[in-house]
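Letters go in sequence order (proteins before strands), and every chain restarts at 1.
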Amino acid sequence: MKITLAHGSGGLQTTELINNVFANRFSNPVLDRMEDSAVVEGAPRIAMTTDSFVVNPLIFKGGDIGRLAICGTVNDLLMRGAVPKYITCGFILEEGLESGILEQAVQSMADTASEAGVIIVAGDTKVINGNGGMYINTSGVGFVSEGIDCASANCGIGDAVIVSGNMGDHHAAILSDRMKIENDIQSDCAPLTDMVKSMLDEHIEIHAMRDITRGGLATVLNELAVSSGCMIEISEDLIPVDKRVKSFSKILGLDPLYMGNEGKLAAIVKKEHADKALDIIKSSMYGQNAAIIGNVSAGEGVVVNTHLGGRRGVGVLVGEGLPRIC
Amino acid sequence: MSDDIKEIIDYLKNYDGDNISIMEVCGTHTAAISESGITDIISDKICLVSGPGCPVCVTASAYIDRLVELSVAEKTCVVTFGDMIRVRGSKKSLRDISAEGGNVVMVYSPLDIISLAEENRDVTYIFAAVGFETTTPVYALLIKEMVEKKITNIKLLTALKTMPAAIEKVYNAGKCIDGFIAPGHVSVITGSNEFIPVAEKLSVPFAVAGFTGEELLAAIYALVKSRGKGIVLNMYKSAVTAEGNIAAKNMVKQYFMPCDAAWRGMGIIKASGLILKPEYAEFDAGSEGLTEDVIFNKGCSCGEVVAGIKSPTECALYNKACTPSSPQGACMVSTEGACYHYYTNRRK
């Protein structure tokens with residue numbers, strides 16, 4: 001079956017779509033009331049965020065737009081030291097979309113939400129003219145415990161810089177698909193709830209945390225350095241990159257430092273807590289390849305100590321990170 | 001790190017002989033040198049100069065203007081690689097015109113255009129065919145496919161360049177160059193012998209190098225040691241042979257012939273380009289005569305930068321009016337451009 005404009009009319013077909021595709025998969029006591037808005041339990045400090053997902057292709061190696069839509073928002077909440085609780089979602093479907101693809105994405109959202117420990121409490125669907133595309137917006141709310149202050153401006157001199165795994169997997173997987181290049185590179189798309197919650201539970205002093213999405217590690221670290229008025233120094237040899245991604249990016253003239261991920265974080269942690277934090281991340285669900293890659297020092301910008309013993313600065317990504325021309 | 005490389009680093013770090021200038025011709029080498037921090041390691045007496053090996057950087061403005069014009073023609077779509085989208089002609093870039101409603105599509109491989117053209121027979125696709133010896137065989141392959149599949153709605157707007165004549169021009173441009181790191185990807189196709197005539201004529205050594213930091217250091221070391229000798233050293237034997245890829249070269253010869261070419265900032269260089277042969281003229285979108293080169297910002301030194309006369313940091317606009325987010329010239333736009341790499345990696 002294909003989605004048609006009738007599925008967005010607000011009438012019978014809309015009800016059928018909601019009941020058959022969304023309601024059973026997302027079911028929970030809050031959503032099941034089917035009210036105009038969700039009323040939920042709160043906390044003294046909450047984190048809120050929103051994100052829109054427009055990935056092409058909709059299904060890719062290692063994930064799909066549904067999993068991405070949960071991970072993106074959940075991870076944004078986690079980066080402020082919040083424990084994610086509630087998600088809302090808005091779907092914009094283009095007519096012609098195969099309902100099977102929609103169902104797969106919705107099932108992925110349900111599975112990923114359950115993995116990430118959040119419930120989907122409200123949603124909306126619209127259908128527009130188009131060519132079988134799908135766009136999802138998710139908003140999220142998380143609870144922030146007393147005393148947690150995880151913010152970009154909080155990096156301190158001497159802090160350790162930890163990344164939770166290999167750089168560039170998602171970017172390489174999506175690009176391989178678009179360029180029809182056969183390989184087994186998988187997107188790293190994943191909710192980071194397990195590793196962040198464990199660090200919070202163990203009272204790791206995390207000064208700042210960012211998920212390393214578009215723009216890659218170089219961009220994220222530059223933003224942290226600017227916000228905190230410091231220099232971040234990292235070592236090329238310590239930055240984890242999968243061998244396959246390394247050769248893929250070499251062929252295309254891309255730099256894994258600027259390639260996006262969807263299940264990786266950079267944590268700026270008090271020096272004395274760095275080893276323990278690394279152990280926690282490494283033993284968590286998606287952190288096996290985590291590494292301490294450098295530290296925060298006085299100065300400005302981001303500097304990479306190269307394999308050959310030189311130093312180079314790295315700026316933020318400019319433009320789209322396009323493959324080179326020859 | 002091997003002991004050989006440690007010795008090389010040690011030698012280049014402590015080099016205290018005459019000042020020596022080595023040009024890396026290829027944009028990918030410029031990127032690799034910046035990324036590996038080589039200029040930070042070697043003696044200040046060894047100066048590495050970026051050359052004309054970024055295809056986007058050396059494209060004259062008239063060519064981009066023509067693409068911009070074609071993108072708004074009826075039932076016409078311009079197809080290009082990524083970097084070309086951002087470079088401004090005399091007024092606009094393809095990105096500017098795309099935002100104004102021009103038809104511009106980005107592809108990753110020239111062959112992607114075939115399926116586009118087959119799906120939309122009533123649209124004429126103009127491929128922005130720029131590049132050096134490395135890329136030209138793929139365009140030849142594209143023409144071959146078009147002929148075989150009888151596809152008539154693809155045309156090429158070519159600005160194809162060949163290296164040896166440009167290197168000679170750069171050598172004579174003023175700055176004393178004592179050695180050239182010959183372009184690695186280009187040499188895969190041409191073979192290392194391609195550079196023998198120019199090396200002998202100029203009495204300057206050429207080293208064909210790979211793209212790792214170690215390979216580049218070894219090439220720099222060899223060039224320092226070979227100063228004054230008109231020889232070609234193939235130090236990228238895993239990918240480059242003396243004769244090159246003969247099948248690819250023959251394919252290029254079948255469809256293209258040499259022509260004079262306009263290089264941004266360097267003017268017209270005799271026999272430094274390739275154009276479709278007359279018998280394939282039906283596939284050409286009007287590539288001849290696109291030689292005018294208007295500099296968007298009068299202070300821009302891109303022309304001198306690609307010719308190795310000025311270092312990016314010697315341009316008055318560098319890191320002032322000109323940064324990757326507000327580029328005034330092609331060298332700051334392209335990810336193979338010298339200015340872009342000097343800026344993003346703070347290369348000295």
Would you mind reporting whether A/V314 and B/R346 have side-chain heavy atoms less than 4.5 Å apart?
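Not in contact.
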If we only count heavy atoms from C-beta on, is the A/E236 to B/E35 side-chain gap below 4.5 Å?
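Answer no - side chains too far apart.
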Check whether A/V303 gets within reach of chain B through its side chain, its backbone, both or neither, counting any heavy atom under 4.5 Å.
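Answer is side chain: those atoms of A/V303 sit under 4.5 Å from chain B.
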Please state whether the side chain, the backbone, both or neither of A/N305 comes within less than 4.5 Å of a heavy atom of chain B.
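Contact with chain B is absent: no heavy atom of A/N305 under 4.5 Å.
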Is the number of heavy atoms from other residues, nucleotides or ligands within 6.0 Å of [atom1] ([X]) greater than 12?
X      : atom1 : answer
A/D275 : CG    : no
B/E118 : CD    : yes
A/R244 : CZ    : yes
B/K45  : NZ    : yes
A/N131 : CG    : no
B/K92  : NZ    : no

Checking the side chain of B/N345 only, and the main-chain atoms of A/R312 only, is there a donor and an acceptor separated by less than 3.5 Å?
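No, the answer is negative, given that no donor and acceptor are paired below the 3.5 Å cut-off.
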Need one label for B/S34: side chain, backbone, both or neither, based on atoms under 4.5 Å from any heavy atom in chain A.
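For B/S34, the contact with chain A is made by the backbone alone.
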Please classify the contact between B/I42 and chain A as side chain, backbone, both or neither, with a heavy-atom cut-off of under 4.5 Å.
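Nothing of B/I42, per the 4.5 Å heavy-atom cut-off to chain A.
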Find the distance between CD1 (B/I5) and CG (A/L308) and round it off to the nearest 0.5 Å.
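The CD1 atom of B/I5 sits 7.5 Å away from the CG atom of A/L308.
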How long is the gap from CG on B/D40 to OG1 on A/T306, to the nearest 0.5 Å?
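It comes to 7.5 Å.
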Most heavy-atom pairs under 4.5 angstrom with chain B, which of A/A218, A/G310, A/G309?
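That would be A/G310.
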Who wins among B/S36, B/G27, B/A32, B/C54 for the most heavy-atom pairs under 4.5 Å with chain A?
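That would be B/S36.
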